[in-house]
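Hydrogens, waters and symmetry mates are skipped; everything else that's a heavy atom, side chains included, is used. Every chain is numbered from 1, with letters handed out A, B, ... down the list of sequences.
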Number of protein chains: 2
Amino acid sequence: MYGSANVTERQAQAPALAISTVIFALRTDPGSGRSEIWLPLVRRIRQPHLGKWALPGGPLGGSESLQDAAARNLRETTDLEPTYLEQLYAFGGLDRAATQRLVSIVYWALVRPDQADLARESENVRWFRASEAAGLAFDHDEIVAYALERLHGRIEHGSVAYHFLGDRFTLTQLRGVFEAVLGRPLDPANFRRQLRSARDIAATDEVLQGGRNRPPRLYRYTGQNAQAPPPARTPADDRPTS
Amino acid sequence: MYGSANVTERQAQAPALAISTVIFALRTDPGSGRSEIWLPLVRRIRQPHLGKWALPGGPLGGSESLQDAAARNLRETTDLEPTYLEQLYAFGGLDRAATQRLVSIVYWALVRPDQADLARESENVRWFRASEAAGLAFDHDEIVAYALERLHGRIEHGSVAYHFLGDRFTLTQLRGVFEAVLGRPLDPANFRRQLRSARDIAATDEVLQGGRNRPPRLYRYTGQNAQAPPPARTPADDRPTS
DNA sequence: ACAAAAGTGTTTTAACTACACCCATGG
DNA sequence: CCATGGGTGTAGTTAAAACACTTTTGT
């Protein structure tokens with residue numbers, strides 16, 4: 001597949017640098033009422049991998065930070081502002097793209113369901129269930145898989161789950177987020193207790209009316225900064241969006 | 001839209017891509033006998049930041065993976081092979097370097113004490129205590145601080161501690177690693193139990209002779225892959241070294 | 001015999017699990 | 001008044017922390 005001329009040519013040129021973003025949102029299945037993780041993909045309109053679905057992304061602009069470039073990916077594909085944005089990993093394998101050496105710094109983002117509902121879909125932008133996103137262009141299958149792993153880890157320890165929801169939410173909604181990410185049911189009683197102690201949530205005096213059952217209390221997230229761990233003391237870049 | 005003028009313009013403003021590596025090793029203080037974390041730094045022999053100490057690194061070669069470039073950093077500065085190598089973070093702030101836009105993909109590595117003792121020191125390569133590495137070039141102070149945080153996190157959960165040591169080690173040596181990284185003393189009795197259950201270590205039938213006290217048993221690490229979490233299923237690059 | 005580190009045992013405490021039970025609402 | 005999800009209580013299990021205690025070496 002690679003002629004020797006191709007290899008020498010590759011050695012000569014500096015690697016291209018691109019930013020891609022994995023955007024996660026929660027959607028509630030109308031049928032079962034269960035929460036699921038979705039992500040938007042864009043259809044490639046050029047070679048290589050023409051016609052395949054791929055992560056939103058593009059070259060890094062000369063005068064924007066990595067984080068800004070990732071946020072721009074969101075805006076340009078879905079008109080959304082992220083509620084959470086964190087660097088995922090830098091992928092730089094030699095065989096990622098056939099024609100040129102490509103290094104991609106990948107971010108992952110969370111958006112709220114109300115935002116995701118507003119997001120535009122078009123011929124070349126479509127939302128997929130994370131579990132059904134396969135056959136993507138380049139190595140994007142693996143990138144999505146790794147992003148899901150990271151999400152899994154972050155939700156257990158950190159305070160990421162809230163960023164899937166609005167500023168007011170019920171504990172059952174929050175539990176739905178955990179269950180969708182972890183992929184297993186959680187005991188409602190224990191889940192409630194675990195959050196009451198230690199986590200940064202506070203009960204409001206409001207309840208959610210209109211349901212079929214007893215109106216659940218609404219809570220809000222009080223953790224000041226929706227912080228992403230990586231650049232602990234803001235290394236001049238990549239400050240996560242609150 | 002893609003005229004040659006545009007291409008050259010893009011090339012002109014395209015960020016430079018470099019790989020740097022934070023190399024950690026353990027050294028036992030001759031006086032107190034306590035373990036401490038050290039790292040090698042190289043003196044800059046050009047502007048900018050001429051004369052300051054900096055992390056080993058350099059531009060990414062056209063035909064090497066990111067991981068390979070990081071391993072090359074180790075070889076070129078210290079003649080060492082890493083026992084552990086993991087991607088840390090990609091730093092890409094606009095103000096990282098004065099003259100040009102610079103994106104650095106930073107790795108961190110662990111080496112064994114016997115390797116570190118063999119590592120050459122020179123006029124322009126010197127080892128520093130991690131706690132005393134300050135005033136470095138560029139944003140390397142922050143990068144080192146973040147690498148220490150990551151090390152801290154990895155040692156609590158993962159199986160990273162063993163890579164500071166040789167293939168045979170006493171539990172007290174291993175506890176020394178934990179104490180040096182975590183910065184607090186640990187109960188020897190509980191530490192022993194915690195490792196016996198769950199962690200991948202096995203007792204050998206050998207003991208370490210020559211000490212002043214009762215000879216401690218030697219253990220070895222049986223975890224097959226010294227794995228780093230990031231690319232869970234080897235995204236065509238960056239496989240951590242065993 | 002003594003000091004000092006290796007190694008074992010035991011008690012206490014906290015956290016998580018599982019599950020029984022009561023409460024409030026719409027139909 | 002019944003079904004359904006919201007919310008509380010409680011016993012059993014498991015893991016970790018604190019610390020007393022025994023063992024083995026060199027001097």
Distance, rounded to the nearest Å, where A:R196 contributes CZ and D:dG9 contributes C1'
13 Å
Does one side chain, of A:S104 or A:R96, offer a donor that lies under 3.5 Å from an acceptor on the other?
yes
What parts of residues 164-192 of chain B reach DNA chain D, counting only heavy atoms under 4.0 Å away?
B:D187, B:A189, B:N190
Do A:Y89 and A:Q87 get their side chains close enough for a donor-acceptor pair, meaning under 3.5 Å?
no
Short N-O contact, B:R43 and B:E123, less than 4.0 angstrom:
yes
Could you list the donor-acceptor pairs under 3.5 angstrom formed by side chains in residues 127-135 of chain A, with sequence neighbours left out?
residue: A:R129; atom: NE; partner: A:E132; partner atom: OE2; Å: 3.3
residue: A:R129; atom: NH1; partner: A:E36; partner atom: OE1; Å: 2.7
residue: A:R129; atom: NH1; partner: A:E36; partner atom: OE2; Å: 3.3

In Å, rounded to the nearest 0.5 Å, how long is the span from CZ of B:F164 to CZ of B:F24?
7.0 Å
DNA chain C: 5'-most and 3'-most nucleotides touching chain A, 4.0 angstrom heavy-atom criterion
C:dT17 to C:dG26
Check whether any side-chain N or O of A:T83 sits under 3.5 Å from a backbone N or O of A:L110 as a donor-acceptor pair, and report yes or no.
yes
Which of residues 205-218 of chain B have a heavy atom under 4.0 Å from DNA chain C?
B:N213, B:R214, B:P216, B:R217
May I ask you to verify whether the side chain of A:R193 and the base of D:dG7 hold a donor-acceptor pair under 3.5 Å?
no
State which residues pass side-chain hydrogen bond (donor to acceptor under 3.5 Å, both in side chains) with B:R192; sequence neighbours excluded, sorted by chain then number.
none
Which one of B:R150, B:E142, B:E149 satisfies the side chain to side chain donor-acceptor pair (under 3.5 Å) criterion with B:Y146?
B:R150
Output yes when a side-chain donor or acceptor of A:H140 lies under 3.5 Å from a complementary backbone atom of A:L55, and no otherwise.
yes
What donor-acceptor contacts under 3.5 angstrom involve side-chain atoms of residues 202-210 of chain B, with partners at least two apart or in another chain?
residue: B:T204; atom: OG1; partner: B:E206; partner atom: N; Å: 3.3
residue: B:T204; atom: OG1; partner: B:L218; partner atom: O; Å: 2.7
residue: B:E206; atom: OE2; partner: B:R168; partner atom: NH1; Å: 2.3

